[in-house]
Amino acid sequence: METVNLLEFLNKAKDLYTLDYAVCDDELVNFLDLMTEDETFTKKIDLGIIYLHQRNLEQYTIIDGLNRLLSLSLLLHAVCECYKKTSAKNDKAIRTIRSKYLLDGSKTKLRLPEEEQIIFEKILFGDKLSGKEKKSPLFILLHNFWTQIKEEKLQAANIFQMLNKIIVYIVDTENVSKRDLFYSLNKGNSKLNQLLLIEDYLKSLGILNEWDSLKRIYTNDTDIIQFFKDFFITKFNFKEFDSTRFYEIFVNYFETMLQYMSEDALMKKIKNSAKLYSDILNVSFANEKFRQALIQIKMHKGEDTYAYILNIYEDFVDENITETTFLEILATIDEYLKNRLKTPNDVSFNELIKYLNAFITCK
């Protein structure tokens, strides 16, 4: 672990890459607020640990610390904007700031995930932002910096005096899984894109094409997550699915199942379940009796029964139960749903599952 000044680290690094699943969120740092805490700048300002993977002497991948480095970059840009064209000396200083801290030639030194990168480049290169882009955390923090510098008449020299007091602890994560460390450090963050973490995991196994074909079954990520929620509820007997642990649950399931089948066979199995769940979600059945039964269940607000229906549908496809039994189960579920609408919370669905499983056993 190395203790460094955050400003000098930004100067030292030529390229700072981020992970595809990194999150630029509302946890950006308003460095100017730190000035009010110690106006004389007599104390060091400790901003904690930044985890990196050093690619070479000048290039790094940021595992954790993106929000702090991004916030610093936005503050430096705000200083440049507030003092540009005020004097020849300031214009020269601005060119130095941009070349030392913000740019690597014609590219931004900090490389963000795609959507944020577009906004970041527009900000640094002075391009016009859309109304939606101006609502991003990046622009909001930048606007706050502009306002604060102007309203409080903050001097650039004082801002840099404060920045020279900021230290961080750099930890190089060589031989450590970047993805797992990132997940561990950001576990519980509701804004974390769990699907991108899963994609990176499957990419490391060389089966990303199979994942892409699974995703094409659905029209949006929301339906994919809904499928996996109900898929794992049946596989792990969850009463509730914790969406903030989606990546962790997926990897645990995948690696457990790889003890019994190959990667290709497992992906084929998951894709088959995904197709069946799409039939349920979209009420898309060649069998008209099934379609009518699902229409009734959907009309009676039976979305919370889809996990169980998927399980039974798989049994039907695998010829473990007959068409008649499947239809009788769907009819029983619908009867329960109609009664639930009349008397909410009369009977929990878990109690019904016990009955249905006993019913299937008898059949």
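For the numbers below, each heavy atom of this structure counts, side chains included, while hydrogens, waters and symmetry mates do not. None of the values given here were measured: they were computed from a predicted structure.
- Relative orientation of the W146 and H143 rings is perpendicular, given thresholds of 30° and 60° on the angle between their planes.
- The neighbour count for E319 CD, taken as heavy atoms of other residues, nucleotides or ligands under 6.0 Å away, does not exceed 12.
- Side-chain atoms of R216 do not come within 3.5 Å of backbone N or O of W211 as any donor-acceptor pair.
- Checked for salt-bridge contact, E210 and K268 miss the test: no charged N lies under 4.0 Å from a carboxylate O.
- Contact annotation: the side chain of L310 approaches that of F227 to within less than 4.5 Å [non-hydrogen atoms, C-beta and beyond].
- A donor-acceptor distance shorter than 3.5 angstrom exists from the side chain of D91 to the backbone of K85, with no hydrogens or angles considered.
- Residues L197 and R179 meet the side-chain proximity criterion, which asks for heavy atoms closer than 4.5 Å.
- F160 places none of its side-chain heavy atoms less than 4.5 Å from the side chain of K165.
- For the pair L110 and L70, the tightest heavy-atom approach, listed with the atom from each and the gap, is CD2-CA, 3.7 Å.
- The one candidate from F250, Y253, F246, Y277 that meets the ring pair (Phe, Tyr, Trp, His ring centres under 6.0 Å) condition with F231 is Y253.
- When every heavy atom of L28 is checked against every heavy atom of L138, the shortest pair comes out as CD1-N, 4.1 Å.
- Evaluation of the side chain to side chain donor-acceptor pair (under 3.5 Å) rule for E303 yields no partner, not counting sequence neighbours.
- Side-chain atoms of T332 come within 3.5 Å of backbone N or O of E328 as a donor-acceptor pair.
- Under a 4.0 Å N-O distance rule, the pair E121/K107 does not qualify as a salt bridge.
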Test ring pair (Phe, Tyr, Trp, His ring centres under 6.0 Å) on Y21 and Y201; report intermediate values, then the result.
CA-CA 11 Å; Y21 37 81; Y201 167 71; over 10 Å; no

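- What you find for A22 and P113 is that their closest heavy atoms are O-CG, 3.7 Å.
- A salt bridge links R340 to D304: at least one charged side-chain nitrogen sits closer than 4.0 Å to a carboxylate oxygen.
- Listed here is the closest heavy atom pair of T244 and D242: OG1-OD1, 2.6 Å.
- Counting heavy atoms from C-beta outward, I309 and I333 have side chains that approach closer than 4.5 Å.
- The side-chain heavy atoms of L6 and L72, taken from C-beta on, include a pair separated by under 4.5 Å.
- In this structure, L52 CG and L16 CG are separated by 7.5 Å, a value rounded to the nearest 0.5 Å.
- Residues K289 and F326 are not in side-chain contact: their nearest non-hydrogen atoms beyond the backbone lie 4.5 Å or more apart.
- Checked by atom type and distance alone, the side chain of T96 pairs as donor or acceptor with a backbone atom of K92 at under 3.5 Å.
- E58 places no side-chain N or O within 3.5 Å of a backbone atom of K14 that could act as its donor or acceptor partner.
- For the residue pair K178 / T173, no side-chain donor-acceptor distance below 3.5 Å is found, with atom types taken as modelled.
- Side-chain N or O atoms of N5 include one that pairs as donor or acceptor with a backbone N or O of N164 at under 3.5 Å.
- D15 and Q59 make their closest contact through OD2-NE2, 2.8 Å (heavy atoms, listed as atom of the first residue, atom of the second, distance).
- At a threshold of 4.5 Å between non-hydrogen side-chain atoms, the residues I198 and V251 do not count as touching.
- Screening residues 62-85 for ring-ring contact (aromatic ring centres under 6.0 Å, His included), with sequence neighbours left out, gives no hits.
- Looking at N282, its side chain never comes within 3.5 Å of a backbone N or O of S284 through a donor-acceptor pair.
- Cation-pi geometry between R55 and Y17 is satisfied (NZ or CZ under 6.0 Å from the ring centre, within 45° of the ring normal).
- Formation of a donor-acceptor pair under 3.5 Å by the K100 side chain with backbone atoms of R95 is not found in this model.
- A donor-acceptor contact shorter than 3.5 Å is absent between the side chain of D200 and the backbone of L196.
- Of the possible polar contacts, one joining the N186 side chain to the F182 backbone as a donor-acceptor pair under 3.5 Å is found.
- Clustering ILVMFWY residues whenever any of their side-chain heavy atoms sit less than 4.5 angstrom apart, transitively, puts F125 in the very cluster that holds L112.
- Annotation: side chain of Y183 is in contact with side chain of Q194 (closest heavy-atom distance under 4.5 Å).
- Under a cut-off of 6.0 angstrom, the local environment of CD in Q54 is crowded, with over 12 non-hydrogen atoms contributed by other residues, nucleotides or ligands.
- Looking at every heavy atom in both residues, H53 comes nearest to D172 through CA-OD1, 3.7 Å.
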S136/E116 under side-chain hydrogen bond (donor to acceptor under 3.5 Å, both in side chains): CA gap, chis, key distance, verdict:
CA-CA 8 Å; S136 71; E116 287 84 4; over 6 Å; no

